[in-house]
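The structure appears below as structure tokens.
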Amino acid sequence: MSSGAIYRALLRRQITLALRRPVQLINPALFFAIVIVLFPLGLGPAPDTLSMFAGGILWIVALLANMLGAEALFQSDYDDGSLDQLLIAEQPLYFLVMPYLLVQWLLSGLVLALLSPLFALMLGLPQQGIAVLMASLALGSGVMSVLGAIGAALTVGLRRGGMLIALLITPFYVPVLIFGAGAVRAAVDGLAFAPYLALLGAMFSLALALGPVAIAAALRISADA
């Protein structure tokens with residue numbers, strides 16, 4: 001079987017598994033919605049206050065929602081032995097982990113980016129910031145998905161690995177959060193937001209290039225442990 005056929009088969013498998021587990025499918029979006037609804041109760045209903053912090057709030061909640069689904073990324077494959085088959089496959093593990101990253105980004109990144117305008121309007125984010133919010137979340141969530149996958153690969157097989165993943169990857173999430181929220185803030189203030197998006201795009205490209213290498217190495221370390 002060619003590498004392309006294996007890649008497509010893995011992609012179909014990950015999508016099928018995600019559709020068979022609707023709880024994991026809706027968890028990030030549900031978490032995102034619940035926390036966003038709670039913020040006005042904590043900060044008060046003042047529109048000016050909510051509008052001022054809307055970009056940062058949305059980005060922080062998106063970061064936490066992305067982290068929520070990272071723990072289970074490779075866990076089921078580890079439990080049923082599928083991960084061992086990937087590790088001994090003839091094809092480079094670099095390419096075999098790509099479908100995992102793509103499906104993870106679709107579920108915890110792209111979906112949130114598409115839903116973000118609704119929640120942005122709930123928090124009173126000005127119109128000029130909404131398109132930038134969607135673009136920054138689409139790029140930034142890709143970076144966070146790769147970072148989350150590295151943490152998941154390092155902790156696969158460990159009990160209660162979720163807290164360890166959070167400790168490992170949160171420091172690397174911080175630059176993504178800063179540039180993502182900064183892009184939205186710049187757009188709202190009428191300043192140049194393109195440099196922020198360019199930096200997020202560069203981080204996304206770097207994550208795609210080097211992330212699978214780190215994930216493959218982390219999976220082999222975890223398998224040998």
Problem set entry | salt bridge (charged side-chain N to carboxylate O under 4.0 Å, His left out): pairs with one or both residues in residues 27-42, sequence neighbours excluded | none
Problem set entry | Contacts of type side chain to side chain contact (heavy atoms under 4.5 Å, CB included), residue L177, not counting sequence neighbours | W59, I60, L63
For this session: Name all residues meeting the side chain to side chain contact (heavy atoms under 4.5 Å, CB included) criterion together with A138; count only those two or more places apart in sequence or in a different chain, and write none if there are none.
Result: A113
For this session: With side-chain contact (heavy atoms from CB on, under 4.5 Å) as the test, would you mind laying out the steps for F31 and V35 before giving the verdict?
Result: CA-CA 6 Å; F31 175 83; V35 177; 3.8 Å; yes
Exercise. Closest approach of R220 and L87, non-hydrogen atoms and distance?
Worked result: NH1-O, 3.2 Å
Exercise. Can any side-chain N or O of Y94 pair as donor or acceptor with the backbone N or O of A209 at less than 3.5 Å?
Worked result: yes
Exercise. Below 4.5 Å, heavy atoms only, C-beta onward: do V111 and L106 meet side chain to side chain?
Worked result: no
Exercise. Who are the side chain to side chain contact (heavy atoms under 4.5 Å, CB included) partners of L114, not counting sequence neighbours?
Worked result: L110, M134
Seminar exercise, completed: Nearest heavy-atom approach of V143 to V176 is CG1-CG2, 3.7 Å
Exercise. Linking I/L/V/M/F/W/Y whenever their side-chain heavy atoms sit closer than 4.5 Å, directly or via other members, would L147 and L208 fall into one cluster?
Worked result: yes
Problem set entry | salt bridge (charged side-chain N to carboxylate O under 4.0 Å, His left out) pairs, two or more places apart, involving residues 99-115 | none
For this session: Apply side-chain contact (heavy atoms from CB on, under 4.5 Å) to I169 and I150, showing your working.
Result: CA-CA 8 Å; I169 65 177; I150 295 172; 5.6 Å; no
For this session: Name all residues meeting the ring pair (Phe, Tyr, Trp, His ring centres under 6.0 Å) criterion together with F74; count only those two or more places apart in sequence or in a different chain, and write none if there are none.
Result: Y100
Exercise. F204: what forms a ring pair (Phe, Tyr, Trp, His ring centres under 6.0 Å) with it, not counting sequence neighbours?
Worked result: none
Problem set entry | I88 side, atom CD1; L93 side, atom CG - distance, nearest 0.5 Å | 11.5 Å
Problem set entry | Residue pairs fulfilling salt bridge (charged side-chain N to carboxylate O under 4.0 Å, His left out) with at least one residue in residues 188-201, sequence neighbours excluded | R185-D189
For this session: Could you tell me which non-hydrogen atom of I215 sits nearest to which non-hydrogen atom of A149, and how far apart they are?
Result: CD1-CB, 3.6 Å
Seminar exercise, completed: So salt bridge (charged side-chain N to carboxylate O under 4.0 Å, His left out) across residues 117-130, not counting sequence neighbours, yields none
Problem set entry | Test log, rule side-chain contact (heavy atoms from CB on, under 4.5 Å), inputs S136 and L197 | CA-CA 6 Å; S136 63; L197 295 181; 3.9 Å; yes
Seminar exercise, completed: For I130 and A120, the nearest pair of non-hydrogen atoms, with its separation, is CG1-CB, 4.2 Å
Problem set entry | For R13, side chain to side chain donor-acceptor pair (under 3.5 Å) partners two or more places apart | D77, S82
Exercise. Stepwise, does the side-chain contact (heavy atoms from CB on, under 4.5 Å) test hold for L168 with T155?
Worked result: CA-CA 10 Å; L168 288 173; T155 59; 4.0 Å; yes
Exercise. Is there any side chain to side chain donor-acceptor pair (under 3.5 Å) pair reaching into residues 163-177, and which pairs are they, with sequence neighbours excluded?
Worked result: N66-Y173
Problem set entry | Test side chain to side chain contact (heavy atoms under 4.5 Å, CB included) applied to T16 - qualifying residues, sequence neighbours left out | R20
